[in-house]
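One structure is given below, represented as structure tokens, and several questions about it will come after.
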Amino acid sequence: MNISIQKITPHDDAVICHIIKTVGAEFGAIGDGFGPSDAEVLHMSEHYCASMRSQYWVARIDGVVVGGCGIAPFNHSTETCELRKLFLLPEGRGCGLGRQLVQRCLSFAQTQGFTHCYLDTLKSMHAAISLYESLGFEHLAQPLTGTPHCGCDVWMLKKINN
């Protein structure tokens, strides 16, 4: 199995959009208040670039896109970033790919000077929550003010050491 992780390009937009919407539906993240409904999903490569202190990575197994994950400022914050849209097809799960993607995002966040990383997710995403906990994310009692994902029911925050 040959695994690769690369920055998103416009060529990846359609397949990542399909993956985000398909995996989102698998876990009940359908409609307003959930990441797969965000407008950026249609053209992810246009919304993630280093000049905006954001980046989205695409994961491939044997050359086939199986998912991705990104990082961006949370509500234009200079201190808090948000882990965004970690979605993997079933064939991309259980092989450490999610961990590699999140670690890539956190490393980038550190280079950008962020001090905290926020995420919101769903209780039904057990494997993702376990991954986040193992990487030092701590549960919050409520979402950070300003999150557009009111459908989520798990909120987590990690201190990033610079």
Side-chain angles (χ1 to χ4, degrees), residues 1-122 125 127-129 131-132 135 137 146-149 151-152 156 158 160 162:
M1 177 177 6
N2 181 18
I3 293 175
S4 66
I5 298 174
Q6 294 142 349
K7 294 176 183 176
I8 194 167
T9 68
H11 178 74
D12 301 314
D13 283 344
V15 68
I16 283 294
C17 177
H18 175 74
I19 290 170
I20 291 171
K21 289 184 177 292
T22 300
V23 175
E26 175 186 348
F27 289 94
I30 301 169
D32 290 340
F34 298 102
S37 296
D38 293 347
E40 71 181 27
V41 171
L42 298 175
H43 302 284
M44 294 290 280
S45 66
E46 294 177 12
H47 296 274
Y48 291 85
C49 64
S51 65
M52 298 188 310
R53 298 177 75 210
S54 65
Q55 191 61 63
Y56 194 89
W57 284 272
V58 174
R60 290 177 173 80
I61 296 178
D62 297 329
V64 178
V65 176
V66 295
C69 187
I71 196 96
F74 178 78
N75 280 349
H76 309 290
S77 174
T78 57
E79 296 179 359
T80 302
C81 60
E82 181 180 14
L83 189 71
R84 293 185 175 174
K85 297 175 180 63
L86 171 58
F87 289 96
L88 291 170
L89 292 172
E91 55 268 35
R93 300 175 196 162
C95 60
L97 200 45
R99 179 174 297 277
Q100 289 179 50
L101 284 163
V102 174
Q103 288 174 326
R104 182 80 51 104
C105 288
L106 293 173
S107 292
F108 176 81
Q110 191 172 17
T111 70
Q112 298 300 302
F114 291 108
T115 59
H116 292 84
C117 184
Y118 171 77
L119 66 84
D120 45 34
T121 189
L122 295 171
M125 296 184 164
I129 293 169
L131 169 63
Y132 302 143
L135 291 169
F137 282 87
T147 182
H149 303 137
C152 292
M156 302 178 87
K158 175 182 174 58
I160 299 173
N162 288 317

Consider only side-chain N and O atoms of Asp38 and His149, and report whether a donor and an acceptor are under 3.5 Å apart. yes
Does Thr22 reach the main-chain N or O of His18 with its side chain, forming a donor-acceptor pair under 3.5 Å? yes
Please evaluate residues Leu131 and Leu86 with respect to the criterion side chain to side chain contact (heavy atoms under 4.5 Å, CB included), reporting the C-alpha separation (whole Å), side-chain torsions for both, the decisive distance (0.1 Å), and the verdict. CA-CA 11 Å; Leu131 169 63; Leu86 171 58; 4.2 Å; yes
Between Arg53 (side chain) and Thr78 (backbone), is there a donor-acceptor pair under 3.5 Å? yes
When you measure from the centre of the six-membered ring of Tyr56, is the NZ or CZ of Arg84 closer than 6.0 Å and no more than 45° off the axis? no
Begin with the C-alpha distance, continue with both residues' side-chain angles, and end with the deciding distance and a verdict on side chain to side chain contact (heavy atoms under 4.5 Å, CB included) for Phe137 and Leu119. CA-CA 9 Å; Phe137 282 87; Leu119 66 84; 3.5 Å; yes
Minimum heavy-atom distance Gly67-Ile19, with the two atoms named: N-CD1, 3.8 Å
Taking all non-hydrogen atoms of both residues into account, name the closest pair between Met125 and Phe27 and its distance. CE-CB, 3.5 Å
N/O donor-acceptor pair under 3.5 Å between Arg60 side chain and Ser4 backbone: no
Does a side chain donor of either Asp13 or Ser45 reach within less than 3.5 Å of an acceptor in the other side chain? yes
Using the side chain to side chain contact (heavy atoms under 4.5 Å, CB included) rule, take Glu40 and Tyr48 through it: C-alpha gap first, then chi angles, then the decisive distance, then the call. CA-CA 9 Å; Glu40 71 181 27; Tyr48 291 85; 2.6 Å; yes
Working to the nearest 0.5 angstrom, can you tell me the gap between Lys85 NZ and Cys17 SG? 11.0 Å
What one should report as the nearest heavy-atom pair of Ile16 and Gly68 is CD1-N, 4.3 Å
Identify the two heavy atoms, one from Leu83 and one from Cys117, that lie closest to each other, and give their separation to 0.1 Å. N-SG, 3.7 Å
For residues Cys81 and Ala109, report the shortest heavy-atom separation together with the two atoms involved. SG-CB, 3.6 Å
For Lys21, I'd like to know if atom NZ has over 12 heavy atoms of other residues, nucleotides or ligands within 6.0 Å. yes
Derivation of the side chain to side chain contact (heavy atoms under 4.5 Å, CB included) call for Leu97 and Val66: CA-CA 10 Å; Leu97 200 45; Val66 295; 3.6 Å; yes
Would a distance-only check, ignoring hydrogens and angles, find a side-chain to backbone donor-acceptor pair under 3.5 Å from Asn75 to Gly146? yes
When you look at CG of Asp62, are more than 12 heavy atoms from neighbouring residues, nucleotides or ligands closer to it than 6.0 Å? yes
Quick one: does Ser54's side chain have a donor or acceptor within less than 3.5 Å of a partner on Cys49's backbone? yes
Could you check Trp57 against Phe108 for ring pair (Phe, Tyr, Trp, His ring centres under 6.0 Å), going step by step and ending with a plain yes or no? CA-CA 11 Å; Trp57 284 272; Phe108 176 81; 5.7 Å; yes
For residues Leu88 and Val23, report the shortest heavy-atom separation together with the two atoms involved. O-CG2, 3.5 Å
Are the side chain of Lys158 and the backbone N or O of Leu135 linked by a donor-acceptor pair below 3.5 Å? yes
